[in-house]
Amino acid sequence: MKKFLSVLLFVVSFNFLVKADEGMWLVQMLGDKVYTDMVKKGLKLSKDQLYSINNNSIKDAIVLFGGGCTAELVSKEGLLFTNHHCGYDKIASLSSVDHNYLRDGFWAKSKTEELPAPGLSVQFLVKIEDVSAKVLESLKAYKSEEVATKLPGILAELSAKAQEGTNYEVRIGNFFKGNQFLQFTYQRYKDVRLVGTPPESIGKFGGDTDNWEWPRHTGDFSIFRVYMGKDGKPAEYSADNVPYVPKHFLPVSIKGIKDGDYAMIFGYPGSTNRYETSYGVKLKVDIDNPSLVNLRDARLKCMMAEMLKDPAVKIQLAGSYASIANYWKFFDGEAKQLVKLNVIDLKQRDEAAFENWAKGKAEYNNLFPDIKATYDKWRPYAKHRMYINEGINGSSLLGFAASLKVLEAGLANPNSKPEDVTKLAQAVKAAHMRFMEAENIASDKNIAAVVLKMFYTDIDPSQRPEAFYTELKNGYGALENADTYNKFSAYVFDNTMLLNKAKWDAFISKPDVETLRKDPAYKTAIAFTDNYTNNYAKYYTEFTGANYVYNNKYLKGVLEMQKDKPMYPDANQTMRLNYGHVKSYVPKDGVKYSYICTLAGIREKYKPGDYEFDAPVKLMDLINKKDYGQYIDKSINDVVVNFITTNDITGGNSGSPVLNAKGELIGLCFDGNYEALGHKIAFDKELTRTICLDVRYMLFVIDKLGGATNIINELNLVKQ
Ligand code: ARG
């Protein structure tokens, strides 16, 4: 029996180890073991060619694009490739009903035709330093359960200090759950212009139906150019600026790919939680994900109803609809896959192996029972929190109204100085302008009605803001009826000063606390957010505080237990590298998915006039005429549209370059597959695939559909 047990433990402890092509490695800290493995798998470059402090390397061609995507330099004049869905917001805001680039696409045939995209910037990574000692020293002043709340402020302060007097931006990243802190220095360029985009019917072909799915036929790319001042330094937009001159740019290979080819991806993955405990997974699967999905489902339906009615509303809501929909489908699929792949079981086995290793080590005593108790305490309130964040705040009006709490506090405080109030009012005025630009009253009115009803139906009655619902019932009717909420919402939207220009201007030029408190949108929002803040937020603070301490300890132990094995930290929007292969897969019994999708599949999916599966007539003509040019894959007499690899990526990697063994661009990664949507929590070595746009399809669209040979000519094409 004992022997059996130890064999079992040996097997289970294996779960911790990095599997197959798992791993998001920090480029600058690539260990020899990992590099050797890359070479074994096919890499033909030296470590210095990937990253070097002194010489130009691939790392210099990779940028953090906008708020959370990746882009890469592909010409000596600052030309950038990224995904269509990464440029989507900007393309939408540059569009109007008359110049509808979202619908029709856009191709600059010369630099003068490029469109400045105010607010868009890219960041280059300059250097990384380990500042663990400094951060951990600053944390010593606090009790362990306070660390989670204090840490963001401490990191911000240390970053600000490091950045002072430089032209750089500094951010400190938390690695291995507070066991390591690395400081990243970035240089930001703010003059970024749109060079080209296919119509949405190519860039988002397949829409939300195909999103997170393979097989796939999406031309998910857009093209920008980064500019700098004449002095070579970052500069605000100016007609006098000149194209950025990269230290390195990527050659583009149109030689094609085969099943099994080496593939490597550099980029900025946003977040993973691979060391999450079984308790965390359970909360996610049972409460967090289903709540978020239900609320988003309701909001999306309200938005779509209006978008279908009016092209101007479609442009106005396109960006926010796409981002809400993207993670609506993700979180739904994530919970389902976590269950299907028995991830709670896998995590429990990891935890058992850990406990076995930790036996006799006093600091880990009782670790998992403590974690369990922490989750048990928080669980009754978890849904409530989601219903505030994704429900009440999911209505733009109620969300904006709730944000006015700071103004109320400032106005009500007898010690506030007039200049403080003026400052607050100015900030609120600016926020109100942004809110109004994005606000679509028709859909938001329905959203507010729906979420107020869902809150009533789904949240534990003892946690409801009782006075609000009593008043609602007395004024508008039975709380079970949708109509009650519709009437109430109509009243709020018709009477709030937040949507009435004359009333708002009068208020904000001379804000007074009574007017604010009486406003129906403010009153409604605050009934919910005050109820949460005053009664339940403390449990969340306790929960996150305790969880930080336990997770920090757990990871400290795991790092020690595995000290001889390569370990990679969770994604946290810092530059990572991963490697794998082009590879087909078996999604379910009896089915094998090819590693490529082709133009033939666009013809199969094509539905003229459909919201998701329409395609430009010109594209269909090119396909029918088989006018493939140099972008043809001769082995199949078709053009490869998308392909899949075994690389380990996540959201934020969107737009990342997919490189062959020689560091040439073969594609842009843009998605993950449905069968592995549990990937943020657990990498499944059989099922995880990265969905990539084949660079040959991209060039085919630019050249044959867009006629933008100027862009093709700017690239360094590798043909042999
Ligand atoms: N799933 C993709 C990602 O997160 C985004 C795809 C955007 N397309 C869409 N139909 N919403 O990177």
Side-chain angles (χ1 to χ4, degrees), residues 24 64-72 81-92 102-103 197-222 265 267-272 289 292-293 296-297 299-301 303-304 307 314 317-334 336-337 571 573 576 578 597 602 605 607 610-615 641-642 644-645 647-658 667-680 688-693 698:
M24 299 177 175
L64 178 54
F65 180 87
C69 275
T70 306
E72 51 278 359
F81 285 172
T82 188
N83 287 153
H84 184 261
H85 76 264
C86 294
Y88 197 77
D89 236 1
K90 280 297 155 210
I91 300 166
L102 208 53
R103 187 190 61 202
T197 170
E200 183 176 31
S201 54
I202 288 178
K204 204 182 168 185
F205 182 76
D208 291 314
T209 302
D210 271 9
N211 190 20
W212 303 111
E213 308 268 356
W214 180 257
R216 189 69 161 273
H217 301 84
T218 309
D220 199 343
F221 74 91
S222 57
I265 294 177
Y268 280 92
S271 71
T272 56
N289 286 29
L292 175 140
V293 171
R296 287 197 175 195
D297 198 55
R299 287 159 60 198
L300 288 168
K301 284 192 178 112
M303 291 168 86
M304 182 54 81
M307 286 164 75
K314 150 85 202 198
L317 294 183
S320 74
Y321 185 93
S323 70
I324 298 168
N326 191 27
Y327 275 87
W328 153 77
K329 186 162 178 185
F330 176 86
F331 284 118
D332 187 40
E334 181 187 47
K336 288 178 179 146
Q337 299 309 330
Q573 211 183 58
R576 304 298 175 92
N578 61 70
C597 283
I602 296 184
K605 288 181 176 174
K607 271 195 233 159
D610 186 72
Y611 194 79
E612 297 183 313
F613 291 95
D614 198 1
V641 173
N642 294 160
I644 43 173
T645 68
N647 291 69
D648 186 3
I649 56 118
T650 192
N653 267 121
S654 286
S656 293
V658 188
L668 265 57
C669 102
F670 71 94
D671 213 357
N673 59 328
Y674 196 80
E675 295 81 5
L677 280 192
H679 74 249
K680 281 190 185 285
T688 307
R689 290 295 178 276
T690 288
I691 303 178
C692 314
L693 166 68
M698 176 172 173

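Counting convention: from 1, in listed order, for ligands and their atoms alike. Note that the numbering runs from 1 along the sequence shown for the chain.
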Worksheet item: Is Phe670 touching ligand 1 with its side chain, its backbone, both, or neither, if touching means heavy atoms under 4.0 Å apart?
Response: backbone
Worksheet item: What's the shortest distance from atom 2 (C) of ligand 1 to any protein heavy atom, and which residue and atom give it?
Response: Asp671 OD1, 3.3 Å
Discussion item. Under 4.0 Å from a heavy atom of Ser654: which atoms of ligand 1 are those, numbered in the order shown and with their elements?
Written reply: 3 (C), 12 (O)
Response to the item:
His84 and Lys204 have their tightest heavy-atom pair at ND1-N, 4.2 Å
Practice prompt. Apply disulfide bond (SG atoms under 2.5 Å apart) to Cys597 and list each qualifying residue two or more places apart in sequence or on a separate chain.
Written response: none
Response to the item:
Cys669 meets the disulfide bond (SG atoms under 2.5 Å apart) criterion, sequence neighbours left out, with none
Discussion item. Phe205 vs Asp220, test: side chain to side chain contact (heavy atoms under 4.5 Å, CB included). Steps then yes/no.
Written reply: CA-CA 8 Å; Phe205 182 76; Asp220 199 343; over 6 Å; no
Practice prompt. Return a yes/no value for Asn211: is any of its N or O atoms, backbone included, closer than 3.5 angstrom to an N or O of ligand 1?
Written response: yes
Fill in: Asp220 N/O under 3.5 Å from ligand 1 N/O
no
Item to complete: Determine, using heavy atoms of Gly651 and all atoms of ligand 1, whether some pair is separated by less than 4.0 Å.
Response: no
Worksheet, complete the sentence: If you scan protein heavy atoms around atom 11 (N) of ligand 1, the nearest is Asp208 OD1, 3.2 Å
Practice prompt. Write out the residue and atom name of the closest protein heavy atom to atom 4 (O) of ligand 1, then the distance separating them to 0.1 Å.
Written response: Asn326 ND2, 2.9 Å
Worksheet item: Should you measure from each heavy atom of Lys204, which atoms of ligand 1 turn up under 4.0 Å away?
Response: 9 (C), 10 (N), 11 (N)
Practice prompt. List the atom of Gly655, the atom of Thr82, and the distance in Å for their closest heavy-atom pair.
Written response: CA-OG1, 3.7 Å
Worksheet, complete the sentence: Closest heavy-atom pair, Asp614 versus Asp610, reported as atoms and distance to 0.1 Å, is CB-O, 3.3 Å
Worksheet item: Should the ring pair Phe331 and Tyr327 be called parallel, tilted or perpendicular, given that the plane angle runs from 0 to 90° and is split at 30 and 60?
Response: tilted
